[in-house]
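Residue numbering restarts at 1 for every chain, and letters A, B, ... go by the order of the sequence lines. Note that the structure is predicted; figures quoted are calculated from it, not measured. Computed over heavy atoms, backbone and side chain alike; hydrogens, waters and symmetry mates excluded.
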Protein chains: 2
Amino acid sequence: MTVVGQVTAQTAAAAETETAAQRARRARIISATLALASRGGFEAVQMREVAERSEVALGTLYRYFPSKIHLLVSAMASEVDVLSSRLQKRQAPGETRAERVSFVLERSTRSLQRDPLLTEAMVRAMMAADSTVGPEVAAIRQGMSDLIVQAMRNGGEAVEHDVELAAILQDVWFARQIAWLGGRMEAADVWRDIHQAITLVVPD
Amino acid sequence: MTVVGQVTAQTAAAAETETAAQRARRARIISATLALASRGGFEAVQMREVAERSEVALGTLYRYFPSKIHLLVSAMASEVDVLSSRLQKRQAPGETRAERVSFVLERSTRSLQRDPLLTEAMVRAMMAADSTVGPEVAAIRQGMSDLIVQAMRNGGEAVEHDVELAAILQDVWFARQIAWLGGRMEAADVWRDIHQAITLVVPD
DNA sequence: CCAGAAACAGGAACGTGTTCTAGTATGCCA
DNA sequence: TGGCATACTAGAACACGTTCCTGTTTCTGG
């Protein structure tokens, strides 16, 4: 079973040696980041502003998160954790595999679209991530893949290619979010396209 | 028939009123951009440097391309034009639809991976594009979609959902390029995954 | 050919991500 | 407890995308 829950696990592992004050700083930083992103999107997350609101020196902010991209990707990992734990509370409803996957991805999509500016900030950071952010990005993708695969299997056994299919759906899902954020697609069209991809790709 | 050839058509339309010197400037700018990107990727494309090499003032560069993102996306459109015209010279070989699509996408993938830094620069610009770059990005996607759909149809009639399937494949294609550029995937794995997506998604 | 408009050159200036420096506080080990 | 390494603060400094300003060249209509 690859379901791991905490996407931020590797961070948590390193955090075991962190003092309480350090954990508190990290939490304040992420919290300030989410607040700023939610208010004004990617460009509103300014490092000086984050530092000030977190009551942390700029240099300290950079000690915790070596770049704005790292910071926002970490914030996204934190959000995926929340979403993931909410969705894993119970099995996704639905008779067919496609129905259950639709349920999970629709919830995820709506959850993101509820806060467009925050989503814009996080997704843009994901896309701008270079190899130095590789581990964090991989963890987020793994978390989302787990969600989809779990919905497919419905607690049952693996099905052929289910992991690969989940990866394809995740690619489509991300690409459409970007198209939406880039103003090339309406929110409603995003969900329609994702749903269509599911029906085209996921066999009963 | 939606095949249009020139991705940069709308630019060309506006360019009809351009003087020869202006067309030359535009060409020098794009050329300098490609050279710098090929050498050092996204970060090596510095606006001052592009301006200097193009023998154009910085303000003039910004008159032609209102941002670095516009500049790089335009450069990509130019490259897609080249690739597209090369591939449309003759029908893609292959018996099945999947085989022909594989041929086209493999050629495209190899063409990009031959110059990783240039690809990195262009793809990162694509992903960072906001709504102000919407038209250019849409043109690039249309150009690639045409390539895929044409390979599917093989000069024949449309097949159900072929446009939607082409869009899915393009999403996967982009996402895997990004994963590769982000250091989360080997070049060989990129092609293997895309090929697998084709066989999973394109029915015979 | 002339006058006005538009485009261009050259370069200063600004904003924000990132780095660096100097001094101070905090935790750890003998 | 004292000393030392590490972490933190405050803020200057730097890099590059972007904007703006001033003066000059080029285009266009009459």
What side-chain donor-acceptor pairs closer than 3.5 Å can you find for residues 102-109 of chain B, not counting sequence neighbours?
unit_1 : atom_1 : unit_2 : atom_2 : d
B:S102 : OG     : B:A98  : O      : 3.1
B:S108 : OG     : B:V104 : O      : 2.9
B:T109 : OG1    : B:L105 : O      : 2.7
B:T109 : OG1    : B:W173 : NE1    : 2.9

Salt bridge (Lys or Arg N to Asp or Glu O under 4.0 Å) against [X], all qualifying residues, sequence neighbours excluded:
| X | result |
| --- | --- |
| A:R124 | A:E120 |
| B:R39 | none |
| B:E49 | B:R53 |
| A:D115 | none |

Subject >> A:E52, CD: over 12 other non-hydrogen atoms inside 6.0 angstrom >> reply: no

**OP:** Evaluate whether atom CD of B:E43 has more than 12 neighbouring non-hydrogen atoms of other residues, nucleotides or ligands under 6.0 angstrom away.
**Re:** no

**OP:** Verify side-chain contact (heavy atoms from CB on, under 4.5 Å) between A:I168 and A:E164, making sure each step is shown before the conclusion.
**Re:** CA-CA 6 Å; A:I168 291 175; A:E164 290 84 353; 5.6 Å; no

d([atom1], [X]; [atom2], [N]) in whole Å:
| X | N | atom1 | atom2 | value |
| --- | --- | --- | --- | --- |
| A:R25 | D:dT6 | CZ | C1' | 12 Å |
| B:E55 | C:dA9 | CD | P | 10 Å |
| B:R63 | D:dC27 | CZ | C1' | 13 Å |
| B:R26 | C:dA7 | CZ | C1' | 13 Å |
| A:F65 | C:dG17 | CZ | C1' | 16 Å |
| B:E43 | C:dG17 | CD | C1' | 13 Å |

Subject >> A:H161: partners by ring pair (Phe, Tyr, Trp, His ring centres under 6.0 Å), with sequence neighbours left out >> reply: none

Pairs under 3.5 Å (N/O, protein and nucleotides 18-25 of chain C):
unit_1 : atom_1 : unit_2 : atom_2 : d
C:dT18 : OP2    : A:Y62  : OH     : 3.0
C:dT18 : OP2    : A:K68  : N      : 2.8
C:dT18 : O5'    : A:Y62  : OH     : 3.4
C:dT18 : O4     : A:R48  : NH2    : 3.0

Original post:
Under the side-chain contact (heavy atoms from CB on, under 4.5 Å) test, which residues partner A:S67, sequence neighbours left out?
Top reply: A:I69, A:H70

Report which part of the nucleic acid [X] touches: base, sugar-phosphate, or nothing (heavy-atom distance under 4.0 Å, all strands).
| X | value |
| --- | --- |
| A:Y64 | sugar-phosphate |
| B:V45 | sugar-phosphate |
| A:E52 | nothing |

Original post:
Does the pair B:Q113 and B:T119 meet the rule for a side-chain contact (heavy atoms from CB on, under 4.5 Å), with working shown?
Top reply: CA-CA 7 Å; B:Q113 294 189 342; B:T119 303; over 6 Å; no

What N/O pairs connect the protein and nucleotides 2-5 of chain C at under 3.5 Å? Give each pair on its own line.
none

**OP:** Establish, with yes or no, whether the OP1 or OP2 oxygen of D:dC27 is under 4.0 angstrom from a side-chain nitrogen or oxygen of B:Q22.
**Re:** no

**OP:** Taking only the side-chain nitrogens and oxygens of B:T60, find out if one of them lies under 4.0 Å from OP1 or OP2 of C:dA9.
**Re:** yes

Original post:
Rounded to the nearest 0.5 Å, how far does CZ of A:R26 lie from OG of A:S78?
Top reply: 11.5 Å

Original post:
If you round to the nearest 0.5 Å, how far is OH of A:Y64 from CD1 of A:I30?
Top reply: 12.0 Å

**OP:** Output yes when A:R176 and A:D171 qualify as a salt bridge under the 4.0 Å nitrogen-oxygen rule, no when they do not.
**Re:** no

Original post:
Of the nucleotides C:dT16, D:dC16, D:dT9, which has the atom closest to the A:Q46 side chain?
Top reply: C:dT16

Keeping [X] on the side-chain end and [Y] on the backbone end, is there a donor-acceptor pair under 3.5 Å?
| X | Y | value |
| --- | --- | --- |
| A:S85 | A:V82 | yes |
| B:T60 | B:V56 | no |
| B:K89 | B:S84 | no |

Original post:
In residues 34-42 of chain B, what residues come within less than 4.0 Å of DNA chain C, judged by heavy atoms?
Top reply: none

Original post:
When you measure from every atom of DNA chain D, which of residues 119-133 of chain B have a heavy atom less than 4.0 Å away?
Top reply: none

Original post:
Between the axis at one end of the helix from C:dC1-D:dG30 to C:dA30-D:dT1 and the axis at the other (five pairs apiece), what's the angle to 10 degrees?
Top reply: 20°

